[in-house]
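Take a look at the structure below.
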Amino acid sequence: MAQQPIELILTRQWASYLVVPVWVMGENGHLVYYNEPAEAVLGRRFDEAGEMLAEELATIFQTTSEDGSRLDSESLPINIALLERRPAHLRLRIRGLDGEWRLVDASAFPIEGQGGRHLGAVAIFWEAEPGGVG
Amino acid sequence: MDITLWGTRGSLAAPGPETARYGGNTSCVEVRGADGQLLILDAGTGIRPLSATLDPALRRVDILLTHLHMDHIQGLGFFAGLYKPGLEVHVWGPPSTTLHLRDRLARYLSPPLFPVQMRDLPSRLTLHDVPLSDFEIEGMAVRASLVCHPGPTVGYRITENGMAVVYLPDHEPALGARKFPEDAAWTSGFALAEDADLLIHDAQYTPEEYAEHVGWGHSSLPDAVAFAEKVAAKKMVTFHHDPQHDDAILARMVEDARRAAKLPFTLVGGIEGATFAL
Ligand SMILES: [Zn+2]
Ligand SMILES: [Zn+2]
């Protein structure tokens, strides 16, 4: 049975106590967890959605930039954190599993473990007020 | 593989008539390979009496530290092997996120906390940042992985001839869990301890005490038992006894756990001097 590294286990436990929506990606770009506040933004309970591959994600959660124009997946903060291993922030539109488009602010950072282990990334995001400060 | 418990106490040595049965020495476990290889798990005060049994012909000894809390390293400076000219002593342990094991240990093995400097020891001492993966020591398969305890802390799994002993003396897998145990994938230490033939696990607290010490890095005995059941261990030994717990309390805790449910494994109280053959 595969077990998540302790850094991800603790991240998930911490996220489960926060009211800020948090989304946790594993090293291979699997979405391994999102917390209850994130369920409201994404439109589906994690228990129903389950773990997902990065490619599946791109087809399920559609995203555009703030003005509705096309957004490359490499520009998403979570992908920058995962692939370029640096923090990133962006205001974007996301269509959740309930089909609703939402304007969200997203910030992401990589999870770098000791011993040079790249373990994944965390994104926090919340619904933005149109026209508010990003 | 033969395993001997030289110290089963946690946090602080607790000698005295009230703890004579379970013992007062802090964490130290001897693992002997089939070819006489000597692996020592942690260097608590139990390593001093172990020292007295060293074979004069011994060429190499490996000390595997889970972490650098004082109860796990306090005996290191009193390990007789360090003062034997020519003896190869390998110490393995986790680096921190910024310091190598050598720099971390030197904070203790140097004045004013200790009179001798590491570089002045006559043995051939080598310090290793423990790999967070599978490796081998003298033909014995060793795995270390980080587990839930404050500060960088690993547990060890040592396998020989298909039999595995798993050592998790300081471990709080229930930390933050809404309901323990959760899914195996989200349980600290699961992969390390899965199907262990002998699981030596933190069981410091009663459930009432644990409620007052959440986040301190230790387990209640019922949580340790639930973990052992989850990983399908064949035998579990209670370890890291609270210094406040005398022999009567420790015996009662084990009895209570045995009575609470029909356990699918053998539960043994961790008594100093106990030996196990795998
Ligand atoms: Zn300890
Ligand atoms: Zn500790």
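Lettering of chains follows the sequences in order, A, B, ..., and the numbering in each one begins at 1.
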Should we say atom [atom1] of [X] is surrounded by more than 12 heavy atoms from elsewhere, each under 6.0 Å from it?
| X | atom1 | result |
| --- | --- | --- |
| B:Arg60 | CZ | yes |
| A:Glu36 | CD | no |
| B:His100 | NE2 | no |
| B:Trp216 | CH2 | no |
| B:Glu136 | CD | yes |

- Task: State, yes or no, whether a side-chain contact exists between B:Phe190 and A:Gln4 at a heavy-atom distance under 4.5 Å.
- Result: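 No, too far: nothing below the 4.5 Å cut-off.
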- Item | Side chain proximity check, B:Leu146 to A:Arg117, heavy atoms < 4.5 angstrom | yes
- Per-residue contact mode, B:Ser145 against chain A (heavy atom under 4.5 angstrom): neither
- Message: Under 4.5 Å from any heavy atom of chain A, what part of B:Pro131 do you find: side chain, backbone, both or neither?
- Response: neither
- Message: Please report the interatomic distance CD1(A:Ile6) to NE2(B:His171), rounded to the nearest 0.5 Å.
- Response: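 It comes to 6.0 Å.
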- Note on the structure: Most heavy-atom pairs under 4.5 Å with chain A, out of B:Thr187, B:Leu192, B:Thr97, belong to B:Thr187
- Message: So which residue, B:Pro173, B:Pro94, B:Gly189, ends up with the most heavy-atom pairs under 4.5 Å with chain A?
- Response: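 Maximum pair count with chain A is reached by B:Gly189.
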- Message: For B:Thr98 and A:Gln114: C-alpha separation, side-chain torsions, deciding distance, then whether side chain to side chain contact (heavy atoms under 4.5 Å, CB included) applies.
- Response: CA-CA 9 Å; B:Thr98 56; A:Gln114 65 184 109; over 6 Å; no
- Note on the structure: When every non-hydrogen atom of A:Val32 is compared with those of B:Trp186, the smallest separation belongs to O-CZ2, 3.6 Å
- Please look at A:Leu10 and chain B and tell me whether the side chain, the backbone, both or neither of the residue comes under 4.5 angstrom of a heavy atom of that chain. side chain
- If one checks every heavy atom of A:Glu112 against chain B at 4.5 Å, the contacting part turns out to be neither
- Message: Check whether A:Gln3 reaches the backbone of B:Ala184 with its side chain - one donor and one acceptor, N or O, closer than 3.5 Å.
- Response: no
- Task: Kindly say whether A:Gln13 contributes a backbone atom to a donor-acceptor pair with the side chain of B:Arg178 at under 3.5 angstrom?
- Result: no
